K.L.:
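Here you go, one structure.
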Amino acid sequence: MHGTSILQEADRLMTVCNSCRYCEGLCAVFPAMEMRRAFSDGDLNYLANLCHSCGACYTDCQFSPPHEFNVNVPKTLAVARAESYAAYAWPRAFAGAFAHNGLVISLIAALSVAAFIFGFAAVSDRGVLTGIHTGPGAFYKLMPHNAMALLFGLALLYAILALVMGVRAFWRDIGEPVGMTTDAKALLQAVRDAGELRYLDGGGVGCFNEDDQPTDRRKLYHHFTFYGFALCFAATCVGTLYHYLLAREAPYAWWDLPVVLGTLGGIGLVVGPLGLLGEKWKRDRVLVDEQRMGMDTAFILMLFLTSITGLALLLWRETAAMGPLLALHLGVVFALFITMPYGKFVHGIYRFVALVRYARERQMMAE
């Protein structure tokens, strides 16, 4: 017996698939499945997070609906994957907080923080809100740097702590193979597989989305999103070094490295999230977990809003719109930080951990 009904169903499907093995060349899920004859809850959560939801196995399966075996691996593992986020969430009290109303919570958090920053500035000096500020330190007219760093530093530290605790619980539950923590080869293989989105290609033909014609669109939009996020993170890190090591205060010139990195990343976080949202809305409903799309959509939308408010701030930072735009941008960033451990962001981390385990398992089988 398993802890939830969806894990029970996943066990049934893996048993059927283990008897058939027709799909073993499509992705990592089926070779990993074939290494087992029985499935614990941890095994099934591992397989669920190893799945990239390309949809190829549903299209290729001779037992998919309307067959009486009713084999729908993508949807079943999508539900199990979403439930695993709640199962490993920290603190446990927040496990189900964003299951159905994640978008509303994210937007309320963003607007609340924006209103707080707006009010903070209004109490200090109302002229700051509508004044035109240019040159180094202009952003800190709205809120002092130390107050801004404290507020967002605490939010980021909370997100990191919650993510680390969740990944720790997942890592323990899926069962760490001997030598996993010291195996650099498995780690590098997982980095390569994750960076290339190797298993989001349906065995080489592409991802199935709204019909039975595979494409690489979802893979492309994932790349835009991931590398856009990475560039924005790099821009923040470089800006931090500028501030503390070189004593250079934001905003920076258009040609400065933080601005260049942030602009390129921002473009990626406009193209990628919009593309992913479009693909999500078009996707065949039989492949998705429709009951838990709230936080998935919320995370993608918050990435888009972070980017679009940041780019708007860059364009109009030397106008009277700078104050309201900065407050809105900071509110969206804060909401993104505090919701990251409870939404779609964690799937990338759990999937990477699953890829590390899979790489190690393959090595162990070959030895």
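In this text, all values refer to a predicted model and were calculated from it rather than measured experimentally. Quick note: residue numbers are just sequence positions, from 1. All values below come from the heavy atoms of this structure, side chains included, with hydrogens, waters and symmetry mates left out.
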K.L.:
Here's a test for you: under side-chain contact (heavy atoms from CB on, under 4.5 Å), which of Leu107, Ile300, Leu336 qualifies with Leu305?
P.N.:
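So, applying the side-chain contact (heavy atoms from CB on, under 4.5 Å) to Leu305 and each of Leu107, Ile300, Leu336, only Leu107 qualifies.
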K.L.:
Between the main-chain N or O of Phe69 and the side-chain N or O of His67, is there a donor-acceptor pair closer than 3.5 Å?
P.N.:
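Yes; at least one donor-acceptor contact below 3.5 Å.
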K.L.:
Do we see a donor-acceptor contact under 3.5 Å between the side chains of Asp43 and Ser40?
P.N.:
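A pair is found: one side chain offers a donor N or O, the other an acceptor, under 3.5 Å apart.
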K.L.:
Step through the shown structure and confirm whether more than 12 heavy atoms of other residues, nucleotides or ligands are within 6.0 Å of CZ on Arg168.
P.N.:
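Check fails, neighbour count at 12 or below.
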K.L.:
How long is the straight-line distance from CG of Leu328 back to CD1 of Ile308, given to the nearest 0.5 Å?
P.N.:
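Answer for the CD1-CG pair, Ile308 versus Leu328, is 11.5 Å.
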K.L.:
Would you say that Gln213 contacts Phe208 through its side chain, given a criterion of any heavy-atom pair below 4.5 Å between the two side chains?
P.N.:
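Sidechains of Phe208 and Gln213: no contact.
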K.L.:
Is Lys75 salt-bridged to Glu9, going by a charged N under 4.0 Å from an acidic O?
P.N.:
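A salt bridge is absent here (no side-chain N lies under 4.0 Å from a carboxylate O).
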K.L.:
Between the side chains of Thr76 and Arg81, is a donor N or O closer than 3.5 angstrom to an acceptor N or O?
P.N.:
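Short answer, no.
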K.L.:
Could you report the tightest heavy-atom contact between Gln62 and Cys20, atom names first, then the distance?
P.N.:
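Answer, listing the atom of Gln62 first, then Cys20: NE2-SG, 3.8 Å.
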K.L.:
Is Phe226 linked to Met302 within one hydrophobic cluster, defined over Ile, Leu, Val, Met, Phe, Trp and Tyr using a side-chain heavy-atom separation of less than 4.5 Å?
P.N.:
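Not linked; separate clusters.
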K.L.:
The criterion is salt bridge (charged side-chain N to carboxylate O under 4.0 Å, His left out); which residues satisfy it with Glu196, sequence neighbours excluded?
P.N.:
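With neighbours one apart ignored, the set is empty.
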K.L.:
Taking atom CG of Leu311 and atom CG of Leu314, what is their separation to the nearest 0.5 Å?
P.N.:
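If I round to the nearest 0.5 Å, the distance is 6.5 Å.
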K.L.:
Please answer whether the main-chain N or O of Asp11 pairs with a side-chain N or O of Thr15 as donor and acceptor at a distance below 3.5 Å.
P.N.:
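Such a contact is found between Thr15 side chain and Asp11 backbone.
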K.L.:
Do any N or O atoms from the side chain of Arg21 and from the backbone of Asn18 form a donor-acceptor pair under 3.5 angstrom?
P.N.:
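Indeed, once roles are kept as given, a pair shorter than 3.5 Å links the two residues.
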K.L.:
When clusters are formed by joining ILVMFWY residues with side-chain heavy atoms under 4.5 Å apart, either directly or through shared neighbours, do Met165 and Tyr342 land in the same one?
P.N.:
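Yes, one cluster joins them.
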K.L.:
Grouping I, L, V, M, F, W and Y whenever their side-chain heavy atoms are under 4.5 Å apart, do Leu157 and Met148 come out in a common cluster?
P.N.:
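No; Met148 is not reachable from Leu157 via cluster members.
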K.L.:
Would you name the heavy atoms of Ala327 and Phe118 that are closest together and state the gap between them?
P.N.:
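The answer is CB-CD1, 4.2 Å.
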K.L.:
What is the minimum heavy-atom distance between Pro341 and Leu163, and which atoms define it?
P.N.:
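Distance-wise, the nearest heavy atoms are CA-CD2, 3.6 Å.
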K.L.:
With the side chain counted from C-beta on, respond yes when Ile267 and Thr263 share a heavy-atom pair under 4.5 Å apart, and no when they do not.
P.N.:
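Side-chain contact under 4.5 Å: yes.
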K.L.:
Could you pull out the closest heavy-atom pair between Val238 and Leu257, with the gap in Å?
P.N.:
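Heavy-atom minimum between the residues: CG1-CD2, 4.1 Å.
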K.L.:
Find the distance between OH (Tyr85) and CD1 (Ile349) and round it off to the nearest 0.5 Å.
P.N.:
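Here the interatomic distance stands at 10.5 Å.
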K.L.:
Is the distance between the ring centroids of Tyr242 and Tyr252 less than 6.0 Å?
P.N.:
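Ring centres of Tyr252 and Tyr242 closer than 6.0 Å.
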K.L.:
Is a donor from one side chain sitting under 3.5 angstrom from an acceptor on the other, for Asn72 and Ser64?
P.N.:
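Ser64 and Asn72 do not have a side-chain donor-acceptor pair below 3.5 Å.
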K.L.:
Parallel, tilted or perpendicular: which describes the rings of Phe170 and Tyr350, with under 30° parallel and over 60° perpendicular?
P.N.:
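Answer is parallel, since the angle falls under 30°.
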K.L.:
Can you tell if the side chain of Phe334 reaches within under 4.5 Å of the side chain of Phe152, non-hydrogen atoms only?
P.N.:
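A side-chain contact exists here, since the closest heavy-atom pair is under 4.5 Å.
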K.L.:
Looking only at non-hydrogen atoms, find the nearest pair between Cys57 and Phe30 and report the distance.
P.N.:
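Answer, listing the atom of Cys57 first, then Phe30: CB-CZ, 3.6 Å.
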K.L.:
Answer yes or no: is there an ion pair linking Glu279 with Arg217, defined by an N-O contact shorter than 4.0 Å?
P.N.:
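Looking at Glu279 and Arg217, the cut-off is met.
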K.L.:
Does a side-chain heavy-atom distance below 4.5 Å link Tyr158 with Leu154?
P.N.:
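No - every pair of side-chain heavy atoms lies 4.5 Å or more apart.
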K.L.:
Side chains of Lys185 and Arg360, heavy atoms from C-beta outward: is any pair under 4.5 Å?
P.N.:
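Answer no - side chains too far apart.
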K.L.:
Are the side chain of Thr309 and the backbone N or O of Thr306 linked by a donor-acceptor pair below 3.5 Å?
P.N.:
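Yes: the side chain of Thr309 pairs with the backbone of Thr306.
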K.L.:
Quick check: do Leu330 and Val113 have side-chain heavy atoms less than 4.5 Å from each other?
P.N.:
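Not touching, per the 4.5 Å side-chain cut-off.
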K.L.:
Tell me whether Met340 shares a hydrophobic cluster with Tyr227, the cluster being built from Ile, Leu, Val, Met, Phe, Trp, Tyr side chains joined at under 4.5 Å.
P.N.:
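Not linked; separate clusters.
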K.L.:
If hydrophobic clusters are built from ILVMFWY residues whose side chains come within less than 4.5 Å, do Val16 and Leu26 share one?
P.N.:
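In one cluster with Val16: Leu26, no.
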K.L.:
Please identify each residue that fulfils salt bridge (charged side-chain N to carboxylate O under 4.0 Å, His left out) with Arg92, with sequence neighbours left out.
P.N.:
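So Arg92 forms no salt bridge (charged side-chain N to carboxylate O under 4.0 Å, His left out) with any residue.
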K.L.:
Distance-only, no hydrogens or angles: does the Asp201 side chain make a donor-acceptor pair with backbone N or O of Gly206 under 3.5 Å?
P.N.:
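Side chain of Asp201 to backbone of Gly206, a donor-acceptor pair under 3.5 Å: no, none is there.
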K.L.:
Aromatic ring centroids of Phe299 and His347 under 6.0 Å?
P.N.:
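No.
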K.L.:
Can you find a heavy atom in the side chain of Val260 that is under 4.5 Å from one in the side chain of Trp254?
P.N.:
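No. Closest side-chain heavy atoms not under 4.5 Å.
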K.L.:
Looking at every non-hydrogen atom in both residues, tell me the closest pair between Ala186 and Val356 and how far apart they are.
P.N.:
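Closest approach of Ala186 to Val356: CB-O, 4.0 Å.
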K.L.:
Can you tell me how far apart CG (Leu156) and OG1 (Thr236) are? Round to the nearest 0.5 Å.
P.N.:
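The distance works out to 9.5 Å.
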K.L.:
State whether a side-chain donor-acceptor pair under 3.5 Å links Tyr46 with Glu361.
P.N.:
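Yes - a donor-acceptor pair under 3.5 Å links their side chains.
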K.L.:
Judged by modelled atom types alone, do Asn49 and Arg351 share a side-chain donor-acceptor pair under 3.5 Å?
P.N.:
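No, no side-chain donor-acceptor pair sits under 3.5 Å.
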K.L.:
Using a cut-off of 6.0 Å, state whether more than 12 heavy atoms not belonging to Tyr58 lie near its atom OH.
P.N.:
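Yes, the 6.0 Å shell around OH holds more than 12 heavy atoms from other groups.
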K.L.:
Under the criterion side-chain contact (heavy atoms from CB on, under 4.5 Å), I'd like the reasoning laid out for Met33 against Cys17: C-alpha separation, chi angles, the key distance, then a yes or no.
P.N.:
CA-CA 8 Å; Met33 171 201 72; Cys17 294; 3.6 Å; yes
K.L.:
To the nearest 0.5 Å, what is the distance between CG on Leu44 and CG on Asp41?
P.N.:
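Rounded to the nearest 0.5 Å, the CG-CG separation comes to 6.5 Å.
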K.L.:
Would a 4.5 Å heavy-atom cut-off, applied to side chains only, mark Arg283 and Glu210 as touching?
P.N.:
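The answer is no; the side chains never approach within 4.5 Å.
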K.L.:
Could you give me the CA-CA distance, side-chain angles and deciding distance for Val353 and Ile174, then say whether side-chain contact (heavy atoms from CB on, under 4.5 Å) is met?
P.N.:
CA-CA 10 Å; Val353 172; Ile174 67 174; 4.1 Å; yes
K.L.:
Given Arg198 and Arg192, is the side-chain contact (heavy atoms from CB on, under 4.5 Å) satisfied, shown in steps?
P.N.:
CA-CA 8 Å; Arg198 178 179 176 184; Arg192 186 180 302 118; over 6 Å; no
K.L.:
As a quick check of understanding, evaluate side-chain contact (heavy atoms from CB on, under 4.5 Å) for Met365 and Glu34, giving each step before the final call.
P.N.:
CA-CA 11 Å; Met365 291 294 290; Glu34 292 172 10; over 6 Å; no
K.L.:
Tell me whether His222 contacts the main-chain N or O of Arg218 through its side chain, where contact means a donor paired with an acceptor under 3.5 Å.
P.N.:
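Yes; at least one donor-acceptor contact below 3.5 Å.
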K.L.:
Hey, could you give me the CG/CG distance between Leu151 and Asn146, rounded to the nearest 0.5 Å?
P.N.:
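One finds 12.5 Å between CG of Leu151 and CG of Asn146.
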K.L.:
Among Leu142, Ile132, Leu313, find the residue that satisfies the side-chain contact (heavy atoms from CB on, under 4.5 Å) test when tested with Met322.
P.N.:
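Running side-chain contact (heavy atoms from CB on, under 4.5 Å) over Leu142, Ile132, Leu313 with Met322 returns exactly one hit, Leu313.
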K.L.:
What orientation do Tyr199 and Tyr358 show, parallel under 30°, tilted 30 to 60°, or perpendicular over 60°?
P.N.:
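The rings of Tyr199 and Tyr358 stand perpendicular, inter-plane angle above 60°.
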K.L.:
Does a side chain donor of either Asp60 or Tyr22 reach within less than 3.5 Å of an acceptor in the other side chain?
P.N.:
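Tyr22 and Asp60 do not have a side-chain donor-acceptor pair below 3.5 Å.
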